[in-house]
Colleague: 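Take this structure first; my questions come after.
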Amino acid sequence: MVYLGVVEITSFADIIIYIGLLSLLLSGAFCIGAAVYALADFVEANVVLSGIIIRTTIYSILVLLFLFWIFDRPPFMVGFTGLAAHASYYTLVSKFPQIPVLHWKMALSAVLMIMQHYY
């Protein structure tokens, strides 16, 4: 029996399991990285279509959040922060390829995103 930090290896099968787990995590990280790269390449090649997709997605989420707020009656802060965050995202991507990084809209979007995830 060997103890390596948080892992206790008692047999050869444990070694195989941990090697398999590590290879699964590394291949998953590689796949996510490749997908992000392909998505960035698509956005770069199709700027107008990407802007339309992003705006339509944000608008659809706003409509769904509003309907959720009407019919399901979540707590006020849950509904309000969701609506406010996505409304700020919509104003942020109004001039899509140029997103103002050092602007008050970006700071507001970041604050509302954090509030949305904690309320």
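We use all heavy atoms of the structure for the numbers below, so side chains are in, but hydrogens, waters and symmetry mates are not. Just so you know, residue 1 is the first one in the sequence shown, and it goes up from there.
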Colleague: Mind checking the CE-CG spacing from Met115 to Leu108? Nearest 0.5 Å is all I need.
Modeller: 9.5 Å
Colleague: Same cluster or not: are Ile61 and Phe71 linked, directly or through other Ile, Leu, Val, Met, Phe, Trp or Tyr residues, by side-chain heavy atoms under 4.5 angstrom apart?
Modeller: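 Result: yes, single cluster for both.
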Colleague: When hydrophobic residues are tied together by side-chain contacts of less than 4.5 Å, even through go-betweens, does Leu64 share a cluster with Val78?
Modeller: no
Colleague: Tell me whether the count of non-hydrogen atoms from other residues, nucleotides or ligands lying under 6.0 Å of CZ in Phe42 goes above 12.
Modeller: yes
Colleague: As an exercise, state the distance from CH2 of Trp69 to CZ of Phe80, rounded to the nearest 0.5 Å.
Modeller: 7.0 Å
Colleague: Other than Ile52, what residues sit in its cluster of Ile, Leu, Val, Met, Phe, Trp and Tyr side chains whose heavy atoms are under 4.5 Å apart, directly or through others?
Modeller: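 Ile52 shares its hydrophobic cluster with Val48.
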Colleague: Ile19 and side chain to side chain contact (heavy atoms under 4.5 Å, CB included): which single residue from Ile15, Leu21, Ile17 fits?
Modeller: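 Of the listed residues Ile15, Leu21, Ile17, the side chain to side chain contact (heavy atoms under 4.5 Å, CB included) partner of Ile19 is Ile15.
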Colleague: Output the distance between atom CD1 (Ile58) and atom OG1 (Thr91), rounded to the nearest 0.5 Å.
Modeller: 9.0 Å
Colleague: Closest heavy-atom contact between Leu92 and Pro100?
Modeller: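 Smallest interatomic distance, heavy atoms only, reads O-CD, 4.0 Å.
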Colleague: How long is the straight-line distance from CG of Asp41 back to CG of Asn46, given to the nearest 0.5 Å?
Modeller: 9.0 Å
Colleague: Can you tell me how far apart CZ (Phe30) and OG (Ser23) are? Round to the nearest 0.5 Å.
Modeller: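 So the CZ of Phe30 and the OG of Ser23 are separated by 14.0 Å.
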Colleague: How long is the span from the CG atom in Leu26 to the SG atom in Cys31, to the nearest 0.5 Å?
Modeller: 11.0 Å
Colleague: Looking at Ser88 and Leu112, what are the two nearest heavy atoms and their distance?
Modeller: OG-CD1, 3.8 Å
Colleague: Decide whether Phe76 and Phe68 are clustered together by the hydrophobic rule: side chain heavy atoms of Ile, Leu, Val, Met, Phe, Trp, Tyr closer than 4.5 Å, transitively.
Modeller: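 Cluster IDs for Phe76 and Phe68 differ.
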Colleague: Looking only at non-hydrogen atoms, find the nearest pair between Thr57 and Ile53 and report the distance.
Modeller: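 Heavy atoms of Thr57 and Ile53 come nearest at OG1-O, 2.7 Å.
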Colleague: Parallel under 30°, tilted from 30 to 60°, perpendicular over 60°: which one fits the rings of His86 and Tyr89?
Modeller: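 Taking Tyr89 first and then His86, their aromatic rings stand perpendicular (interplane angle over 60°).
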Colleague: Minimum heavy-atom separation for Ala85 and Gln116, please, with both atom names.
Modeller: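 It is CB-OE1, 3.6 Å.
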Colleague: Is it true that Tyr90 and Leu67 fall in one hydrophobic cluster, defined by side-chain heavy atoms closer than 4.5 Å?
Modeller: yes
Colleague: Grab the two heavy atoms, one from Leu62 and one from Ala87, that are nearest each other, plus how far apart they are.
Modeller: CD2-N, 3.8 Å
Colleague: Taking Tyr118 as the starting point, is it possible to reach Val111 by hopping between hydrophobic residues whose side chains are less than 4.5 Å apart?
Modeller: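 Shared cluster, yes.
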Colleague: Could you check whether atom CZ of Phe96 has more than 12 heavy atoms from other residues, nucleotides or ligands sitting under 6.0 Å from it?
Modeller: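 Yes, CZ of Phe96 has more than 12 neighbouring heavy atoms, counting only those of other groups under 6.0 Å.
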